[in-house]
Each structure stands twice: as C-alpha cells, then as structure tokens.
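Working notes for the structure below.
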Amino acid sequence: MIALNLIRNEKERVLQGLQKKHFTAIHLVDEILTLDEVRKTTQKQMDDLLAQQNVAAKQIGGLMKEGKKAEAEAIKLQVAEWKASTETLKTELAQTEQKQFDLLVLLPNIPSQLVPNGRTPEDNEVIYTVPELPTLSSTAKPHWELTEQYGLIDFELGVKLTGAGFPVYTNKGARLQRGLINFFLDRATAAGYVEMMPPLLVNADSGFGTGQLPDKEGQMYHATVDDFYLIPTAEVPLTNIYRDVILKEEQFPIKMCGYTPCFRREAGSYGKDVRGLNRLHQFDKVEIVQFEHPDKSYNTLETMVKHVEGLLKELELPYRILRLCGGDMSFASALTYDFEVWSAAQQRWLEVSSTSNFESFQTNRMKTRFKDSSGKMQLAHTLNGSALALPRIVAALLENNQTASGIRLPKAIHSFVGMEIIN
RNA sequence: GGAGGAAUGGCAGAGUGGUCGAUUGCGGCAGUCUUGAAAACUGUUGAACUGAAAGGUUCCAGGGGUUCGAAUCCCUUUUCCUCCGCCA
C-alpha cells in the first residue's frame with residue numbers, strides 16, 4: 001500500500017510511477033486526495049464536538065459533587081444533542097476512511113528509477129546472460145521423461161492422491177529434494193540469514209500484510225472452516241513476523257531465511273507451461289527475507305542478487321538475470337530481478353527466482369516502523385528473494401546434465417545429495 | 001472438546017465509574033560526577049489523526065453496549081494460563 005503521505009506530497013511522482021506500471025485507473029489518485037479533504041473536515045468537526053463533551057462531563061462531575069443537580073441536568077440535555085451529532089459524524093468519518101482505504105489498496109507500488117519502461121516480458125532488460133547456451137544431442141529428453149526413466153517423480157501418483165500439480169518425489173528424487181533444500185539453507189545461513197521454520201497456514205491479516213490479500217486472493221488455497229490460507233511463499237509468514245512491530249534502527253538489517261512448501265492455485269494455467277515441473281500447485285522453496293533501513297535497501301537488494309547468482313554458479317546452470325519492466329513486475333514490488341535458467345531440452349528459459357525490493361509497500365500495510373536518528377517514525381523497507389525454488393532447478397539440472405550413463409550432479413551438491421550421478 | 005482464571009505503555013506491575021494516557025520499578029535516552037566506564041543523582045521516555053504553533057481528538061487485547069463521564073460496569077470475539085479429556 002502506498003503511503004498516503006507520498007500521494008499528498010509527491011502526487012506527480014506517484015502518477016508517473018503508476019503509468020510506468022501500466023496502471024490505468026489513474027483517476028483513483030485524485031479521488032483519494034478528495035476523500036482526504038473530506039475526512040479532515042469531518043474529523044475536525046467531530047473532534048471539536050468531542051472536546052465540548054469532555055469539558056461538559058467535567059462540569060457535570062463538579063456540579064454533582066456540589067449538589068447542584070438541576071444545573072447538571074441542564075448541561076446533560078445539551079450534551080445529548082452534541083452526542084447525536086457526534087454519532088452522525090462518526091459514521092460519516094468511518095465511511096470516508098473505508099472508502100479511502102478501499103481505493104488506496106488498489107494502487108500498486110511505485111517502481112524505482114531503475115525499472116525499464118515496457119509492458120511485456122519482451123521489454124524486460126537482460127542485465128546478464130551466459131555467454132553460450134549449451135547444446136544437447138538430438139536424443140536429449142525433457143525432464144518429465146528423465147524423472148520417469150530414473151524413477152525420481154511420480155506425477156500420476158500425485159494425481160491419484162491429490163490432483164494435477166502435486167507430484168510425488170520418489171526414492172532418489174526425494175533425496176535430491178532434501179539435498180537441495182539443505183544446500184540452499186546452508187548457503188543462506190552462511191550469508192547471515194537466520195533460519196526460520198514458520199507455519200504453512202496464515203491468517204488473513206498476514207495475507208494482507210505482504211499484499212496477497214485482497215489483490216491475489218484467488219491464487220491462494222483457502223481453508224475456509226478456519227479462515228486460514230496456505231502460504232504461496234515463505235515470504236508471507238516470515239515478513240509478517242514483524243507486522244505491528246516498531247524496530248530499533250540498530251536492528252537493521254534483519255535477515256531471515258526459511259524452507260517451506262509453497263501452495264499456489266495457478267488457476268487458468270495450461271499447456272506446455274504446466275508440463276512436468278514447470279508449474280506446480282505445491283513446490284519447495286527456500287526464501288530469503290530482509291528488513292532494511294530505507295537508505296540501504298537498494299544496496300541490500302544487490303547483495304541478495306549476488307547471493308542468488310552465487311547459487312546458480314555453484315549449480316553450474318546456464319542462467320540470465322532480468323530487470324523486470326514496469327508492466328511485468330508484481331503489484332507490490334518497486335524493483336525486481338528475475339533469474340532464469342536455461343532448460344536445454346525444452347529450449348526455453350525457466351524462472352527460478354524473483355528478488356525484489358518492496359520499499360515501504362508492505363511495511364505500510366504491516367505498520368513495521370522504526371525511529372530514525374532524528375526521532376521520527378519511518379516505515380522500514382522489505383526485500384525478499386527465492387534462493388531458490390526447487391522444481392525448475394531440478395528440471396534444468398536433469399535436462400542439462402543428462403548423459404548416456406546417467407545424470408551428473410554438480411560438485412557443490414554432492415555431499416548434500418549423497419550422490420554424484422543419478423542412474 | 002469441557003470447567004475456571006487472566007489480558008494495562010519495551011518489560012514487570014498498580015489502578016475497580018470523574019484532571020488516568022494512566023502510580024511505581026526495570027529498561028532506553030540526555031545530563032551531573034569520572035581520565036573513561038560502572039555506581040549514584042537529576043531530567044526525560046508510547047502511538048495514530050489534526051494543526052504553522054499552542055493545542056485538540058482517539059487508543060489500557062478486538063468489537064459492541066450502559067453512563068453526562070469507562071482502563072474500571074455489561075455483552076461478545078480472540079489470545080494466554082490452570083485443571084480435565086483427546087492426541088503426534
């Protein structure tokens with residue numbers, strides 16, 4: 001949620017930012033500002049009435065003590081009138097605030113200066129790409145054939161147990177998952193991220209805090225009996241740890257990491273996009289999250305990008321890094337880098353990480369603040385990134401490293417997976 | 001799931017209808033003292049909205065009610081604690 005103050009003080013910048021994100025309902029900005037004026041006026045009227053009542057209440061108290069009942073009763077009559085007016089104003093105020101809030105949550109975050117203009121994935125800026133893409137023999141298989149050949153994943157069994165998009169990792173396939181999770185977690189903790197194991201179901205407040213609610217309600221599984229949501233990413237519980245918290249400046253940076261399964265409904269997906277491991281309803285991911293001082297969050301974003309890049313290098317996968325254009329970035333993000341690995345058999349790039357600075361978009365919703373050196377309350381900045389999401393990494397590992405004798409795993413994960421080759 | 005009890009400022013803990021936004025202690029911050037630190041002493045120390053400021057309003061788990069007036073009384077939701085039941 002954009003801070004109301006930003007709209008009040010830097011309306012032009014907000015408007016430009018919204019346009020860059022290809023947000024069309026620009027008129028909302030003026031509506032919000034109009035409502036703001038209405039709100040102030042109403043509040044002032046109400047506050048004045050309340051002030052009068054407070055004074056009167058004290059008078060009555062005094063008169064009662066002195067035994068001047070009649071005079072007290074006279075004032076009571078007056079107060080009753082004020083009270084009725086106050087009620088009306090109170091209702092008006094609540095309605096205005098609700099309207100303003102409803103509009104405010106519709107606005108996406110303002111993109112940073114670095115975000116390239118553009119609307120579609122083609123407009124994303126490639127800031128790094130491997131010098132040369134590997135070429136495989138004509139007999140190279142896509143990962144969904146390899147997982148079957150080596151007995152790593154049973155997609156059909158998942159369909160039986162749950163439905164499409166819920167694979168069962170079997171035998172060495174399960175071992176590979178566990179090894180990769182440990183590898184990613186160890187690298188994250190070595191980089192100073194504190195390991196967390198959060199709940200996999202969250203309440204609506206948490207969903208709101210990170211921006212999944214109300215904007216993306218349909219993307220989450222909803223356990224309606226208890227009104228809990230299955231997390232689409234560890235970002236949700238990890239970031240919400242600091243919801244309604246006032247931090248001390250010296251606590252920055254707060255660095256957390258966590259492995260969780262992630263659940264996404266992915267309604268409407270079909271075709272080659274969802275084949276095999278390309279898009280699942282349940283998948284595993286290690287997430288890194290930081291709370292940072294506003295002055296430092298962009299430097300921090302760079303360190304997170306370096307961290308994710310380091311993982312891909314260790315995994316010896318061909319990758320590229322994209323700076324997402326205004327039209328392709330997420331609702332809540334101010335700057336996003338996507339990491340894609342080359343799927344040799346499918347001849348396409350697969351997104352394996354999205355690393356973003358949300359600035360104060362999430363903390364404004366969560367009320368995560370700190371007192372700066374001048375004693376002023378400020379919203380903290382949040383950042384997060386996948387480090388990494390497993391399925392597409394597995395897909396790329398299998399496809400790129402397939403040989404006649406089996407799948408050769410990169411050296412970095414040998415000790416984690418307990419295998420050098422899958423055959 | 002059943003029966004009781006509780007929820008107050010960063011923490012601990014007073015306050016049971018009328019200057020209570022809240023006594024006090026700890027912690028934090030500033031100062032005195034000190035070569036420095038500690039100790040001691042003094043002062044200061046919640047948030048939101050509004051206002052140029054002075055000030056005003058709101059907030060004692062959340063919501064609703066009673067009253068001229070609620071942290072204080074009533075209803076309700078949530079959470080925590082104790083006991084019982086169930087359970088990996």
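Within every chain, numbering begins at 1; the chains are lettered A, B, ... in the order of the sequence lines, protein sequences first and strands thereafter.
Within the structure, the side chain to side chain donor-acceptor pair (under 3.5 Å) test picks out the following pairs touching residues 149-160 of chain A (sequence neighbours left out): K141(A)-Q149(A).
Distance, K90(A) NZ to G63(B) C1': 11 Å, rounded to whole Å. Separating the CD atom of Q52(A) from the P atom of U58(B) is a distance of 13 Å, rounded to the nearest angstrom. In this structure, the CG atom of D205(A) is 13 Å from the C1' atom of U79(B), given to the nearest Å. One can place CD of E87(A) at 15 Å from C1' of U57(B), the figure rounded to the nearest angstrom.
Taking the six-membered ring where the residue is Trp, F370(A) and H293(A) present tilted rings, their angle falling between 30° and 60°.
Taking atom C1' in both G15(B) and G21(B), one finds a spacing of 13 Å when rounded to whole Å. Distance check on atom C1': G62(B) versus G13(B) gives 23 Å, rounded to whole Å. C81(B) and U8(B) have their P atoms separated by 14 Å, given to the nearest Å. Only the P atoms considered, G43(B) is 24 Å distant from G36(B), to the nearest whole Å. Nucleotides A22(B) and U57(B) are separated by 13 Å at their P atoms, to the nearest Å. Comparing the P positions of U82(B) and U44(B) gives a spacing of 41 Å, expressed to the nearest Å. If you take atom P in A39(B) and the same atom in A47(B), they sit 26 Å apart, rounded to whole Å. Atom P of A70(B) sits at a distance of 48 Å from the matching atom of C86(B), rounded to the whole Å.
Residues L107(A) and I7(A) are in side-chain contact: their nearest non-hydrogen atoms beyond the backbone lie under 4.5 Å apart. Looking at heavy atoms from C-beta onward, Y242(A) lies in side-chain contact with M256(A) at the 4.5 angstrom threshold. No side-chain heavy atom of I2(A) sits less than 4.5 Å from a side-chain heavy atom of N364(A).
Both distances falling under 3.5 Å, in either a Watson-Crick or a G-U wobble arrangement, occur for no nucleotide opposite A38(B). Both distances falling under 3.5 Å, in either a Watson-Crick or a G-U wobble arrangement, occur for no nucleotide opposite C60(B). Base pairing of A3(B): its partner is U82(B), meeting the Watson-Crick or G-U wobble criterion (both donor-acceptor distances under 3.5 Å).
In terms of modelled atom types and a separation under 3.5 Å, the side chain of H381(A) and the main chain of T363(A) share no donor-acceptor contact.
Across all strands, D48(A) comes closer than 4.0 Å to no nucleic acid atom at all (heavy-atom distances). Across all strands shown, I75(A) has no heavy atoms under 4.0 Å from either base or sugar-phosphate atoms. Residue contacts for A51(A): at a heavy-atom cut-off of 4.0 Å it reaches the sugar-phosphate backbone alone, with no base atom in range.
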Below 3.5 Å between N/O atoms, which protein atoms pair up with nucleotides 47-52 of chain B? Just atom names and distances, please.
{"unit_1": "A47(B)", "atom_1": "OP1", "unit_2": "K371(A)", "atom_2": "NZ", "d": "3.0"}
{"unit_1": "A47(B)", "atom_1": "O3'", "unit_2": "R369(A)", "atom_2": "NH1", "d": "3.4"}
{"unit_1": "A48(B)", "atom_1": "OP1", "unit_2": "R369(A)", "atom_2": "NH1", "d": "3.4"}
{"unit_1": "C49(B)", "atom_1": "O3'", "unit_2": "R39(A)", "atom_2": "NH2", "d": "2.7"}
{"unit_1": "C49(B)", "atom_1": "O2'", "unit_2": "R39(A)", "atom_2": "NH2", "d": "3.3"}
{"unit_1": "C49(B)", "atom_1": "O2'", "unit_2": "Q43(A)", "atom_2": "OE1", "d": "2.7"}
{"unit_1": "U50(B)", "atom_1": "OP1", "unit_2": "R8(A)", "atom_2": "NH1", "d": "3.3"}
{"unit_1": "U50(B)", "atom_1": "OP1", "unit_2": "R39(A)", "atom_2": "NH2", "d": "3.3"}

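The number of heavy atoms from other shown groups lying within 6.0 Å of CZ (R408(A)) does not exceed 12.
Within the 4.0 Å cut-off from OP1 or OP2 of U58(B), at least one side-chain nitrogen or oxygen of N54(A) is found.
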